[in-house]
Amino acid sequence: VIAAFVITGCSIIKLPFNVNKPTQDSKIPQEQTEEDKKLDEFLDEQFIDTLSQSTVNMHFRLKDPESMGIERPEKGTFGESGYDEQENAEEYLKLKEELDKIDREKLSEESKNDYDFIIKYIDYLIVLNEYPQFSTELDPNYGIAEGVKSVLSSYKFYVERDVLDYFDLIDEAEEVFSCAIEQEKDKEEQYRIADFTAQATIENIDPFLSDEGSELIESFSERLSQCEGLSEDKIKEYAEKNEEAVSSKLLPAYRKLREDILSIGSENGLNKGLIYYDGGEEYYSALLSYMSFSDRTPEEIADKIVDRTTEIAKRSTELFSKYTEQATTSDFNDLTADEILQLLKKSTAKEYPELKDISYTVEEIPSSLRTGNTLAYYTMAPLDDSDINLINYDPAEDDDAEFFITLAHEGYPGHMYQWNYFIENDEPKLFMSIENTGYLEGWAMYTGINSLKYCDFEKAGVPAEYLIELYSLNEE
């Protein structure tokens with residue numbers, strides 16, 4: 001298993017574009033060598049293998065996998081559950097052996113960059129794989145409790161097979177939850193999730209149960225209406241089936257998951273800093289490298305963070321003491337989410353390479369799926385249909401500057417722009433299917449802050465340059 005999806009700087013990882021050549025027209029194609037072709041074949045094979053691991057992987061990356069010669073799994077599935085350290089280690093070594101057959105010195109410069117990236121990525125996975133005791137599927141933000149309902153609520157129905165896969169996923173939810181619980185029970189107690197982690201996960205489950213999965217029911221017919229070739233009778237039949245599946249299968253699965261989480265939360269679990277656990281310091285170092293794609297040690301990064309935090313605190317204090325009493329309101333912008341995105345699209349056009357017009361939809365996060373921790377999120381367009389872009393936002397956010405930054409982060413010129421740049425410039429599909437948090441989030445963070453200068457602070461009661469600097473410091 002080389003990769004898993006997650007919605008990622010370092011010296012070798014590729015920028016979204018060459019900063020020294022800021023337009024697509026200036027890109028000069030390089031003649032492909034035989035070794036380049038070997039590397040492309042390897043990357044394509046791994047891309048297909050990654051997608052084939054689960055219906056979810058495939059569905060959210062390809063609208064029509066068959067058109068690319070990729071077979072869907074026989075039935076809808078979240079993929080293989082559980083964690084096999086030995087199996088993973090063997091797989092990673094096999095991948096390294098395959099890459100060793102490619103002569104790096106005979107690669108073009110661009111392919112050398114790709115080669116170095118994938119080698120380093122696998123090396124990070126090899127080290128991280130040595131610490132399965134710290135792995136959990138019950139994380140309140142990124143675990144299965146949040147993931148399953150997010151997948152189902154945003155699952156699109158392009159053809160009837162997608163509808164059938166969706167029902168298969170609901171059928172499999174209880175098994176997925178049970179596997180995660182068993183994985184946690186198999187750990188020594190000190191490595192199980194702590195009570196406060198269990199409680200945070202439960203707090204994310206409770207609104208879904210309280211609303212009885214209403215979002216999955218209410219949005220189903222609308223999503224189904226976009227499915228090709230379904231008659232009105234079939235739409236009605238599937239809508240009734242969905243309501244029954246949510247109430248009789250999915251909700252009971254979540255209720256059981258809730259009970260099981262309560263039973264395994266431990267006062268002696270991972271409730272202290274990782275340094276206090278055997279292997280914790282090494283795990284943290286491996287995780288930091290993997291997430292940031294940097295070989296700096298935790299100590300080196302911590303020193304930089306402390307130095308920068310000290311600078312931010314000092315400057316923020318100066319700004320607060322000078323202007324805070326003059327501030328009148330954080331509610332100074334009457335633009336809708338879509339109007340902000342259109343403003344950003346127009347205002348940032350000269351700063352970044354031009355792309356074809358990006359088609360997107362903006363929707364509120366359904367009330368039953370709001371956790372209070374997510375202001376907005378971007379659902380990536382399929383690689384074979386870049387017109388299907390979706391940004392969801394929480395309308396409860398009342399700080400207009402934070403809302404502006406968030407939409408820049410998720411839309412223009414952040415995640416949505418970056419993702420469509422990748423597609424339009426034919427980046428290796430494998431690289432768009434693996435976790436690279438430091439790179440993706442680093443880009444979106446930078447562009448969000450850089451876009452603040454386009455926010456209209458006229459009604460805020462203080463100079464715009466003050467608020468731009470203060471919110472920029474706050475984002476850091």
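A quick note: this is a predicted structure, and the numbers were derived from the prediction, not measured. Heads up: numbering here begins at 1 and tracks the sequence.
Salt bridge annotation for Lys112-Glu109: present, with a cationic side-chain nitrogen under 4.0 angstrom from a carboxylate oxygen. A salt bridge does not link Glu203 to Arg258: none of the charged side-chain nitrogens sits closer than 4.0 Å to a carboxylate oxygen. Asp295 has a carboxylate O that lies under 4.0 Å from a charged side-chain N of Lys120, or vice versa, which qualifies the two as a salt bridge. Under a 4.0 Å N-O distance rule, the pair Lys38/Glu35 qualifies as a salt bridge. Between Glu476 and Arg308 a salt bridge is recorded (basic side-chain N to carboxylate O distance below 4.0 Å). Residues Arg104 and Asp116 are paired through a salt bridge, judged by an N-O separation under 4.0 Å between the basic side chain and the carboxylate. Ionic pairing of Arg315 and Glu469 is present here: one or more N-O contacts between side-chain nitrogen and carboxylate oxygen are shorter than 4.0 angstrom.
Of all non-hydrogen atoms in Ala444 and Thr447, the two that sit nearest each other are O-OG1, 3.1 Å. Closest of all the heavy-atom pairs between Glu137 and Ala180 is CB-CB, 3.7 Å. The minimum heavy-atom distance between Ala337 and Val362, with the atom names listed, is CB-CG1, 3.8 Å. The two residues Lys96 and Ile119 make their nearest non-hydrogen contact at CE-CD1, 3.9 Å. In terms of heavy-atom proximity, Ser292 sits nearest to Leu288 at OG-O, 2.6 Å. Of all heavy-atom pairs spanning Tyr115 and Leu99, the tightest one is OH-O, 3.1 Å.
The shortest distance between side-chain heavy atoms of Ile358 and Asn389 falls below 4.5 Å. Between Ile434 and Phe47 there is no side-chain heavy-atom pair separated by less than 4.5 Å. Looking at Asp139 and Thr201, their side chains never come closer than 4.5 Å, going by heavy atoms from C-beta outward. Counting only heavy atoms from C-beta outward, the side chains of Ile261 and Gln199 never approach each other to under 4.5 Å.
To the nearest 0.5 Å, the span separating CD on Glu402 from CG on Leu407 amounts to 11.5 Å. We find the CG-CD distance between Asp49 and Gln53 to be 5.5 Å, quoted to the nearest 0.5 Å. Taking CD1 of Ile118 as the reference point, atom CZ of Phe431 lies at 5.0 Å (rounded to 0.5 Å). For the atom pair OG1 of Thr374 and CG of Asp394, the computed distance is 8.5 Å after rounding to the nearest 0.5 Å. Remark: Thr406 OG1 to Tyr393 OH distance equals 13.0 Å, nearest 0.5 Å. With rounding to the nearest 0.5 angstrom, the SG atom of Cys179 is 9.0 Å from the CD1 atom of Ile144.
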I would like to know whether Thr348 and Tyr454 meet side-chain contact (heavy atoms from CB on, under 4.5 Å); could you show each step before the answer? CA-CA 9 Å; Thr348 62; Tyr454 301 114; 3.7 Å; yes
Should Leu343 and Tyr412 be marked as a side-chain contact (heavy atoms from CB on, under 4.5 Å) after you check the CA-CA gap, both sets of side-chain angles, and the distance that decides it? CA-CA 9 Å; Leu343 170 65; Tyr412 283 103; over 6 Å; no
For Tyr377 and Leu390: C-alpha separation, side-chain torsions, deciding distance, then whether side-chain contact (heavy atoms from CB on, under 4.5 Å) applies. CA-CA 8 Å; Tyr377 58 86; Leu390 174 64; 5.8 Å; no
Derivation of the side-chain hydrogen bond (donor to acceptor under 3.5 Å, both in side chains) call for Ser386 and Glu424: CA-CA 9 Å; Ser386 60; Glu424 195 165 318; over 6 Å; no
Hey, mind stepping through Asn204 and Asn141 against side-chain contact (heavy atoms from CB on, under 4.5 Å) and telling me if it holds? CA-CA 8 Å; Asn204 280 354; Asn141 296 314; 4.2 Å; yes
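A distance-only check finds no donor-acceptor pair linking the side chain of Ser347 to the backbone of Leu344 [under 3.5 Å]. With Trp443 contributing its side chain and Gly438 its backbone, the two residues share no donor-acceptor pair below 3.5 Å. Side-chain atoms of Gln342 never come within 3.5 Å of backbone atoms of Glu339 as a donor-acceptor pair (strictly under, hydrogens ignored). With hydrogens and angles ignored, the 3.5 Å screen pairs no side-chain donor or acceptor of Asn425 with any backbone N or O of Glu427. Although no hydrogens or angles enter the test, the distance criterion places a donor-acceptor pair under 3.5 Å between the side chain of Tyr254 and the main chain of Ala145. Of the possible polar contacts, none joining the Ser285 side chain to the Glu282 backbone as a donor-acceptor pair under 3.5 Å is found. Side chain of Asp384 to backbone of Leu62: no donor-acceptor contact under 3.5 angstrom is found. With Lys187 contributing its side chain and Ser135 its backbone, the two residues share a donor-acceptor pair below 3.5 Å. In terms of modelled atom types and a separation under 3.5 Å, the side chain of Thr55 and the main chain of Thr77 share a donor-acceptor contact. The closest donor-acceptor contact from the side chain of Asp387 to the backbone of Ser359 lies at 3.5 Å or more, if one exists at all.
Other residues, nucleotides and ligands contribute more than 12 heavy atoms inside 6.0 Å of the CZ atom of Phe134. The environment of Tyr446 atom OH is sparse: at most 12 non-hydrogen atoms of other residues, nucleotides or ligands sit within 6.0 angstrom. Surrounding NZ of Lys106 are at most 12 heavy atoms belonging to other residues, nucleotides or ligands under 6.0 Å away. Atom CZ of Phe196 has more than 12 neighbouring heavy atoms from other residues, nucleotides or ligands inside a 6.0 Å radius. Heavy-atom neighbours of Asp278 CG from other residues, nucleotides or ligands within 6.0 Å: at or below the threshold of 12.
Side-chain N/O atoms of Glu441 and His415 include a donor and acceptor closer than 3.5 Å. Side-chain atoms of Glu410 and Asn392 form no donor-acceptor pair, as typed in the model, at a separation below 3.5 Å.
Annotation: Tyr378 is not in aromatic contact with Tyr360 [ring centroid separation under 6.0 Å not met]. If you look at Phe293 and Tyr124, their ring centroids are closer than 6.0 Å. If you look at Tyr352 and Tyr421, their ring centroids are not closer than 6.0 Å. With ring centers used as reference points, Tyr277 lies 6.0 Å or more from Tyr283.
The aromatic rings of Trp419 and Phe422 sit perpendicular, their planes meeting at an angle over 60°, well past the 30° parallel limit.
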